Participant: 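Input: one structure, supplied below.
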Amino acid sequence: MQYNIAVVKGDGIGPEIVTEAMKTLEVVGQKFGHTFSFQEVLAGGCSIDANGIPLTQETIDLCKAADSVLLGAVGGPKWDDVPSERRPEKALLGLRAALGLFVNLRPAQMHKALADACPIKQEIIGDGFDILVCRELIGDVYFGTHGRRQSEGGETGYDDMNYSVAEVERIGRRAFEMAMKRRKKVCSVDKANVLETSRVWRETMHRIKAEYPEVEYSDMYVDNCAMQLVRNPGQFDVIVTGNLFGDILSDEASMITGSIGMLPSASMNESGKGMYEPIHGSAPDIAGKGIANPIATILSCAMMLRYSFSLQREADAIETAVEKVLDSGYRTADIAAKDENALSTSEMGRLIREAL
Ligand code: IPM
Ligand code: MG
């Protein structure tokens, strides 16, 4: 089978890590008899440099036409001073909206081989944790009306936070479906003690939970959830929440694994088409040095194979190869102990391909 993948290498370390991920997919293709063809497109800072804007219609069209999108990272200090409507981040938000990617899955799992890097005390971690943050991605205050107006206090900024029942139903059902394939627990996170948006969210979640009687459901306020993630992360299975809370909580969840350079993510639309990218950013401080960890991007390819192409065995093969390389003690600089020899981006990529 042939799969056409649009590739946004992006900025900073993006090109280095995506190159390793593409090579990994090629090896998976050889091993399992698939062809992955890649079409590189520009988005983010590199698109500002080339076209004056972070996201062109051409890039949107090519991403829509592809079977899936692989993205490295966008942004960097070079573009910090461009006006807000032309910032590199706009490319991400624009692609999410244009492709209708309403669900963002961000797994936060502790790799046993990296338990030492976990910043939380062993007695709290216990047997570890395996959390799936299921973040709504194209609604909420991110996509409400933004603006400025004059008020008594002078210029005032505003951003409209809103969720419709239909938006909550669609992300909520997805979260329950994910939970059914895992440990059958959903924790819905909101701020229903203060926000009307959250009250609509909570009422809707309560209505649809009846469709999934096997799933153990709970609600949690977002401030409490931020605390519980460091107090007892093992209590969570699937966390479902809105765009803004999900942005914040998924960073926190990734940090407690101790290795943000390892975490992949998937953003999908109704038809299963997706954009796959590492959770970490473009890391401009180490860009071009060949020392970035490519594992998050490589594991994002595993998510692509599993969720967009239903290639379960192939996805497992990538994940097993990564585990094997880590179990053998190989590390890039971000996850190495101070006195350990760290591998380069390409050496890590090569070892994973060999393990495959
Ligand atoms: C993320 C990022 C983006 C977001 C930024 C870069 C726009 O923080 O993917 O979590 O806020 O969604
Ligand atoms: Mg974020």
Side-chain angles (χ1 to χ4, degrees), residues 8-14 17-18 42-48 53-55 59-60 63 69-108 131-144 146 157 159-163 167 171 189 222 225-226 229 239-257 259-269 274-285 287 296-297 299-300 303-304 307:
V8 182
K9 287 187 170 173
D11 310 314
I13 59 172
I17 52 179
V18 171
L42 292 181
C46 54
S47 173
I48 297 177
I53 50 172
L55 182 64
T59 290
I60 293 176
C63 289
V69 182
L70 176 64
L71 187 138
V74 298
K78 182 175 173 196
W79 304 282
D80 270 353
D81 295 329
V82 304
S84 63
E85 69 284 357
R86 283 198 284 117
R87 285 184 63 86
E89 290 81 358
K90 280 275 167 186
L92 265 186
L93 300 178
L95 277 173
R96 289 172 183 169
L99 300 174
L101 308 175
F102 70 94
V103 52
N104 178 222
L105 302 178
R106 298 189 165 185
I131 303 170
L132 182 66
V133 178
C134 189
R135 168 189 177 194
E136 201 289 330
L137 202 59
I138 52 173
D140 202 356
V141 68
Y142 271 61
F143 290 90
H146 309 286
D159 305 271
D160 168 43
M161 177 183 259
N162 65 82
Y163 266 121
E167 285 174 305
I171 185 74
V189 174
V222 62
C225 182
L229 275 170
I239 291 177
V240 61
T241 189
N243 205 346
L244 180 63
F245 300 156
D247 178 44
I248 298 165
L249 295 176
S250 63
D251 262 30
E252 188 185 359
S254 65
M255 184 59 215
I256 61 174
T257 68
S259 43
I260 189 162
M262 307 270 309
L263 298 176
S265 79
S267 308
M268 285 174 291
N269 65 18
M275 184 159 90
Y276 297 82
E277 56 180 305
I279 285 201
H280 60 71
S282 61
D285 51 323
T297 319
L299 290 175
S300 299
M303 291 188 92
M304 175 190 294
Y307 293 122

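For ligands, and for the atoms within them, numbers begin at 1 and follow the listed sequence. Remember, it's a predicted structure, so these values are computed and weren't measured experimentally.
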Participant: Under a 3.5 Å threshold, yes or no: a donor from one side chain and an acceptor from the other, between Tyr142 and Asp247?
Facilitator: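 Indeed, the side chains of Tyr142 and Asp247 share at least one donor-acceptor pair under 3.5 Å.
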
Participant: Looking only at protein heavy atoms, identify the closest one to atom 11 (O) of ligand 1 and say how far it is in Å.
Facilitator: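 For atom 11 (O) of ligand 1, the nearest protein heavy atom comes out as Tyr142 OH, 2.5 Å.
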
Participant: Non-hydrogen atoms of Arg87 versus ligand 1: any pair closer than 4.0 Å?
Facilitator: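 Not so, Arg87 does not reach ligand 1.
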
Participant: Give a yes or no on whether Asp247 keeps an N, O or S atom under 2.8 Å from the Mg ion (ligand 2).
Facilitator: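 Yes, Asp247 qualifies, because one of its backbone or side-chain N, O or S atoms lies under 2.8 Å.
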
Participant: Quick one: nearest non-hydrogen protein atom to atom 1 (C) of ligand 1, plus distance?
Facilitator: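 It is Arg106 NH2, 3.3 Å.
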
Participant: Under 4.0 Å between a side-chain nitrogen and a carboxylate oxygen: does that hold for Arg87 and Asp80?
Facilitator: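 A salt bridge is present here (some side-chain N lies under 4.0 Å from a carboxylate O).
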
Participant: Using a heavy-atom cut-off of under 4.0 Å, does the side chain or the backbone of Glu277 touch ligand 1, or both, or neither?
Facilitator: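 For Glu277, there is no contact with ligand 1 at all, from either part.
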
Participant: As an exercise, state the distance from CG of Leu263 to CD1 of Ile279, rounded to the nearest 0.5 Å.
Facilitator: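 Rounded to the nearest 0.5 Å, the CG-CD1 separation comes to 5.0 Å.
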
Participant: Within this structure, what is the OG-NE2 distance for the pair Ser254 and His280, rounded to the nearest 0.5 Å?
Facilitator: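 Rounded to the nearest 0.5 Å, the OG-NE2 separation comes to 10.5 Å.
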
Participant: For the atom pair OH (Tyr276) and CG (Leu70), what is the distance rounded to the nearest 0.5 Å?
Facilitator: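 So the OH of Tyr276 and the CG of Leu70 are separated by 10.5 Å.
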
Participant: Can you spot which of Ser265, Ser250, Ser267 makes a side-chain hydrogen bond (donor to acceptor under 3.5 Å, both in side chains) with Arg106?
Facilitator: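 When Ser265, Ser250, Ser267 are each tested with Arg106, the side-chain hydrogen bond (donor to acceptor under 3.5 Å, both in side chains) holds only for Ser250.
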
Participant: Please state which option from Asp247, Ile248, Asn243 has its nearest heavy atom closest to atom 8 (O) of ligand 1.
Facilitator: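 Among Asp247, Ile248, Asn243, the closest heavy atom to atom 8 (O) of ligand 1 comes from Asp247.
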
Participant: For ligand 1, which atoms have a heavy atom of Arg135 less than 4.0 angstrom away?
Facilitator: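 Answer, ordered by atom number: 1 (C), 4 (C), 9 (O), 10 (O), 11 (O), 12 (O).
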
Participant: My understanding is that we take every heavy atom of each candidate and find the minimum distance to atom 3 (C) of ligand 1. Doing that for Glu89, His280, Arg96, which one comes out nearest?
Facilitator: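 Ranked by closest heavy atom to atom 3 (C) of ligand 1, first place is Arg96.
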
